[in-house]
Amino acid sequence: MLYALCEGIFSSWASIFLHDARGVGEASAALATGAFWLGVVGGRLAVTALVARVPRRGIWLALPVAMAVVLLALPLARGAASGITLFAVAGLASSSFFPLTIAEATA
């Protein structure tokens, strides 16, 4: 449930936060949402390759920590570049937590 809450915050809040709270233009704020989803896709592909070399459980435990760090860092975003970057990192951080949770549960 916490994972769904975090992903929902990242994906739904990106444009609103950057546009309304940080004064970023609408196009750049919308780009942050795209960067989040690009991070999700890229992260899933990267983790798929990574689990062949690194224990799955370590990655699974690191991802929620990374999500929390990004959530805490988002208020530091002051413009388009930092906001887009942070939302892309948020996508990477939240990309594989759910699939790895299912893998851990079935193991």
Side-chain angles (χ1 to χ4, degrees):
M1 183 172 142
L2 288 174
Y3 164 77
L5 181 65
C6 286
E7 186 176 299
I9 288 171
F10 288 137
S11 64
S12 301
W13 184 56
S15 295
I16 296 166
F17 170 71
L18 291 176
H19 184 279
D20 293 351
R22 296 296 181 250
V24 172
E26 290 178 3
S28 294
L31 186 58
T33 302
F36 169 78
W37 289 112
L38 184 63
V40 169
V41 171
R44 287 191 180 163
L45 291 172
V47 168
T48 299
L50 193 59
V51 294
R53 295 175 183 84
V54 178
R56 176 180 66 216
R57 181 164 281 210
I59 299 168
W60 180 65
L61 293 172
L63 290 174
V65 173
M67 284 188 276
V69 168
V70 175
L71 276 172
L72 293 172
L74 278 171
L76 302 174
R78 296 289 175 228
S82 62
I84 291 167
T85 300
L86 283 169
F87 279 104
V89 172
L92 288 169
S94 59
S95 65
S96 296
F97 183 72
F98 184 70
L100 289 176
T101 300
I102 300 301
E104 285 294 312
T106 58

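Note that the coordinates shown come from a computational prediction; the quantities given were computed from them, not determined experimentally.
The distance from the CZ atom of Phe87 to the CG atom of Leu74 is 4.5 Å, given to the nearest 0.5 Å. Summarising the geometry, atom CG belonging to Leu45 is positioned 9.0 Å from atom OG belonging to Ser95; distances are rounded to the nearest 0.5 Å. Within the model, atoms OG1 of Thr48 and CG of Leu100 stand 8.5 Å from one another, a figure rounded to the nearest 0.5 Å.
Applying the 6.0 Å contact sphere to CZ of Arg78 captures more than 12 heavy atoms from other residues, nucleotides or ligands.
A continuous path of hydrophobic side-chain contacts links Trp60 to Val89 [ILVMFWY only; heavy atoms under 4.5 Å]. Following chains of ILVMFWY side-chain contacts shorter than 4.5 Å, one can reach Trp37 starting from Leu18, so the two form part of one hydrophobic cluster. Following chains of ILVMFWY side-chain contacts shorter than 4.5 Å, one can reach Leu50 starting from Phe97, so the two form part of one hydrophobic cluster. In terms of hydrophobic clustering, with Ile, Leu, Val, Met, Phe, Trp and Tyr side chains grouped at heavy-atom distances under 4.5 Å, Leu92 and Val47 are assigned to different clusters. Side-chain heavy atoms closer than 4.5 Å link hydrophobic residues (I, L, V, M, F, W, Y) into clusters, and following such links, even through other members, never connects Trp13 to Ile84.
Between the side chain of Arg22 and the backbone N or O of Gly83, no donor-acceptor pair lies under 3.5 Å.
Val24 approaches Ser28 most closely through the heavy-atom pair CG1-CB, 3.4 Å. Between Ser96 and Arg44, the shortest heavy-atom contact is OG-CA, 3.5 Å. The minimum heavy-atom distance linking Ala14 with Thr33 is given by the pair CB-OG1, 3.6 Å. When all heavy atoms of Ala30 and Ser15 are compared, the pair lying nearest together is CA-OG, 3.4 Å. Of all heavy-atom pairs spanning Pro75 and Phe17, the tightest one is CA-CZ, 4.3 Å.
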Taking it one step at a time, do Met67 and Leu71 satisfy side chain to side chain contact (heavy atoms under 4.5 Å, CB included)?
CA-CA 6 Å; Met67 284 188 276; Leu71 276 172; 5.5 Å; no
